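What follows is one structure encoded as structure tokens, with my remarks underneath.
In what follows, residues are counted from 1 in the order of the sequence shown. Not measured: the values here are computed from a predicted model.
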Amino acid sequence: MTATKNEHGRQGRSRMPGVVIASMAVVLVAVGVVAGGLLFWDPAPASINPSSGGDSFQVTNQSFDDSRMVSVTVTLGAAQTLASPVTGRVTSSTCDAGAEVVSGSSTFAIDGVPVVNLATSVPLWRDMARGDTGADVSAFTAELARLGVLSGNGSTGLSQEVITAWRDMAIALGAPSSAVPRDGIPQSLIAWLPSSGAVVSQCDVLVGGLVSPGQPLATFSAPVTAAYVPTRPSQLTPGDRILAIDDQTTLTVNADGMIDDPASLSALASSPTVRTSQALGVLDSLTGRYSLATPIQVSVVPPLAIVSSGGTTGCVIADGESRQVTVVASQLGQSLVLFEDGGPPPQAVSLDPPTALTCG
């Protein structure tokens, strides 16, 4: 028994070196895998590594619109209505809250005759006959021309050409030819619109309802009379600016942050954002994207390449020469700059400019 046990002991001890060697082999293989992984690791992106050696950086260029998110204050006017021009019964209606009523269309028919929505700078207050003159005649003629149904009136008064153009438009909208005179413009066929397009907040009469002159057929959402950016961001890149309220609405903004262009105010009033806000009763302020109307080209360099001369100005070394730059923004640890000498951007800048470099 003793001999047998000793034999087993010798055999156990004889296997130990093999186990150690095998373990060391596994460790070495593991180290080799790690080392191999380090040797073949993907390099850092070019945007954070110099691309032309350890002391220079390849300059790239990109479009820049200096976009900032801002608050927009909106001022509303008084709500207006689409009033009935005649006494009668409403026989048809396409009125719908949230829909836009536009000039040159018809929303209601009274006693079977469509009433034409018309936006004129002067509300039409009388029946007009051939040869009539006045501000209302001029406004009526101008709107027909804007709508494209009239190429020109040919005179200062209400001409037959204007009457014929009007008659053709009314009949095209469904009016019986017997209801549209050939020698004048009856006030009873026209519902005045306060602007070329207005959004309905509520329909005031249903089909079958009786109406009288001046009675509201529909009430419009309050118009936008003014809008402005109360607090503009600091250090804006110089240039004309626009304001995007949503994907569909872009507005012109003047140098003071005011939106006072009539076309822009009309577009703002009709925008999905304003319509929704008005419907919810929360139109105190909006948020928009404030950016350059025409984007500029800027160069991308690392901050390490810039020697600052104070504020947003500084200089870089390119092709062995000092070039003055203005930093317009920073993105992802890189500086977006303009070269102030007006020359083309360099291909590369030094990453080790002299600390005593004087810009200018």
_Does any part of the side chain of R182, heavy atoms only, come nearer than 4.5 Å to the side chain of I163, both counted from C-beta?_
no

*With hydrophobic residues grouped by side-chain heavy-atom distances under 4.5 Å, do Y228 and L251 end up in a single group?*
no

*Shortest non-hydrogen contact between P353 and S350, atoms and distance*: N-OG, 3.8 Å

*Where the side chain of D341 meets the backbone of G343, is there a donor-acceptor pair that is under 3.5 Å apart?*
yes

*Between the side chain of R323 and the main-chain N/O of V316, is any donor-acceptor distance below 3.5 Å?*
no

_Can you confirm whether T237 sits close enough to F64 that some side-chain heavy atom of one is under 4.5 Å from a side-chain heavy atom of the other?_
yes

*Closest heavy-atom contact between G77 and A222?*
O-CB, 3.2 Å

*Same cluster for V70 and L265 if Ile/Leu/Val/Met/Phe/Trp/Tyr side chains link at under 4.5 Å?*
yes

_Is the shortest side-chain heavy-atom distance between P213 and T87 below 4.5 Å?_
yes

*Looking just at side-chain N and O atoms, do D261 and T252 make a donor-acceptor pair shorter than 3.5 Å?*
no

*With a 4.5 Å heavy-atom cut-off, do D96 and T94 have their side chains touching?*
no

*Mind checking whether V229 and L268 sit in one hydrophobic cluster, side chains of I, L, V, M, F, W, Y counted as touching below 4.5 Å?*
yes

_With rounding to the nearest 0.5 angstrom, report the CG to CG distance, L236 to D66._
5.5 Å

_Where A179 and V113 come nearest, the two heavy atoms and their spacing_ = CB-CG2, 4.1 Å

*Heavy atoms from other residues, nucleotides or ligands near CG of D240 exceed 12 (cutoff 6.0 Å)*: no

_Applying side chain to side chain contact (heavy atoms under 4.5 Å, CB included) to E340 and T313, what does each step give before you reach the verdict?_
CA-CA 9 Å; E340 294 301 332; T313 61; over 6 Å; no

*Any side-chain donor-acceptor pair under 3.5 Å between S299 and N61?*
yes

*asked:* Please determine whether side chain to side chain contact (heavy atoms under 4.5 Å, CB included) holds for the pair V274 and V199, giving the CA-CA distance in whole Å, both sets of side-chain angles, and the decisive distance to 0.1 Å.
replied: CA-CA 10 Å; V274 169; V199 178; over 6 Å; no

*Spell out, as yes or no, whether a donor-acceptor pair under 3.5 Å connects the side chain of D168 to the backbone of A165.*
no

*Hey, is the main chain of S67 close enough, under 3.5 Å, to the side chain of D65 for a donor-acceptor pair?*
yes

_Is it the case that the side chain of Q187 and the backbone of V86 share a donor-acceptor pair, with hydrogens and angles ignored and the cut-off at 3.5 Å?_
no

*Counting only heavy atoms not in R68, do more than 12 fall under 6.0 Å of its CZ?*
yes

*asked:* Looking at S266 and P262, would you say the former's side chain and the latter's main chain have a donor-acceptor pair under 3.5 Å?
replied: no

*Could you check if a side-chain atom of P272 sits within less than 4.5 angstrom of a side-chain atom of T249, using non-hydrogen atoms only?*
yes

*V211 side chain reached by F108 side chain, heavy atoms, under 4.5 Å*: no

*With sequence neighbours left out, what residues match D136 under salt bridge (charged side-chain N to carboxylate O under 4.0 Å, His left out)?*
R126

*Distance from F140 atom CZ to L158 atom CG, nearest 0.5 Å?*
7.0 Å

*Hey, could you give me the CD1/CD1 distance between I259 and I242, rounded to the nearest 0.5 Å?*
11.5 Å

*Mind checking the CG-CZ spacing from D256 to R232? Nearest 0.5 Å is all I need.*
6.0 Å

*Looking only at heavy atoms, what is the nearest atom pair of D204 and P216, with distance?*
CB-O, 3.5 Å

*asked:* Is it true that, when you exclude Q297 itself, more than 12 heavy atoms of the residues, nucleotides or ligands shown sit nearer than 6.0 Å to its CD?
replied: yes

*For E143 and T120, test the side chains for any donor-to-acceptor distance below 3.5 angstrom and give the result as yes or no.*
no

*With rounding to the nearest 0.5 Å, note down the distance linking CZ in F220 to OG1 in T81.*
7.5 Å

*Which pair of non-hydrogen atoms, one from I110 and one from P85, has the smallest distance, and what is that distance?*
CD1-CD, 4.4 Å

_Check: A109 main-chain N/O paired with T91 side-chain donor or acceptor under 3.5 Å_ = yes

*asked:* Does Q80 form a side chain to side chain contact (heavy atoms under 4.5 Å, CB included) with S195? I'd like the steps, not just the answer.
replied: CA-CA 10 Å; Q80 294 179 296; S195 60; over 6 Å; no

*Main-chain N/O of T219 paired with S201 side-chain donor or acceptor, under 3.5 Å*: yes

*Is there a side-chain contact between I317 and V307, using heavy atoms and a 4.5 Å cut-off?*
no

*With side chain to side chain contact (heavy atoms under 4.5 Å, CB included) as the test, would you mind laying out the steps for W166 and L189 before giving the verdict?*
CA-CA 11 Å; W166 152 257; L189 292 180; 3.9 Å; yes

*Identified side-chain contact (heavy atoms from CB on, under 4.5 Å) counterpart of I185 within the set R167, R130, M128*: M128

*So with a 6.0 Å cut-off around CD of Q347, is the heavy-atom count from everything else above 12?*
no

_Treating N117 as the side-chain partner and S105 as the backbone partner, does any N or O pair qualify as donor plus acceptor under 3.5 Å?_
yes

*Hey, what do you get for CG (L217) to CG (L206), rounding to the nearest 0.5 Å?*
11.5 Å

*With a 4.5 Å heavy-atom cut-off, do C315 and S309 have their side chains touching?*
no

*Report yes or no: do V207 and L210 belong to one cluster of Ile/Leu/Val/Met/Phe/Trp/Tyr joined by side chain heavy-atom distances under 4.5 Å?*
no

*Please answer: with hydrophobic residues joined when any side-chain heavy atoms are less than 4.5 Å apart, are V337 and V328 in the same cluster?*
no

*Closest non-hydrogen atom pair, V349 against A305*: CG2-CB, 3.8 Å

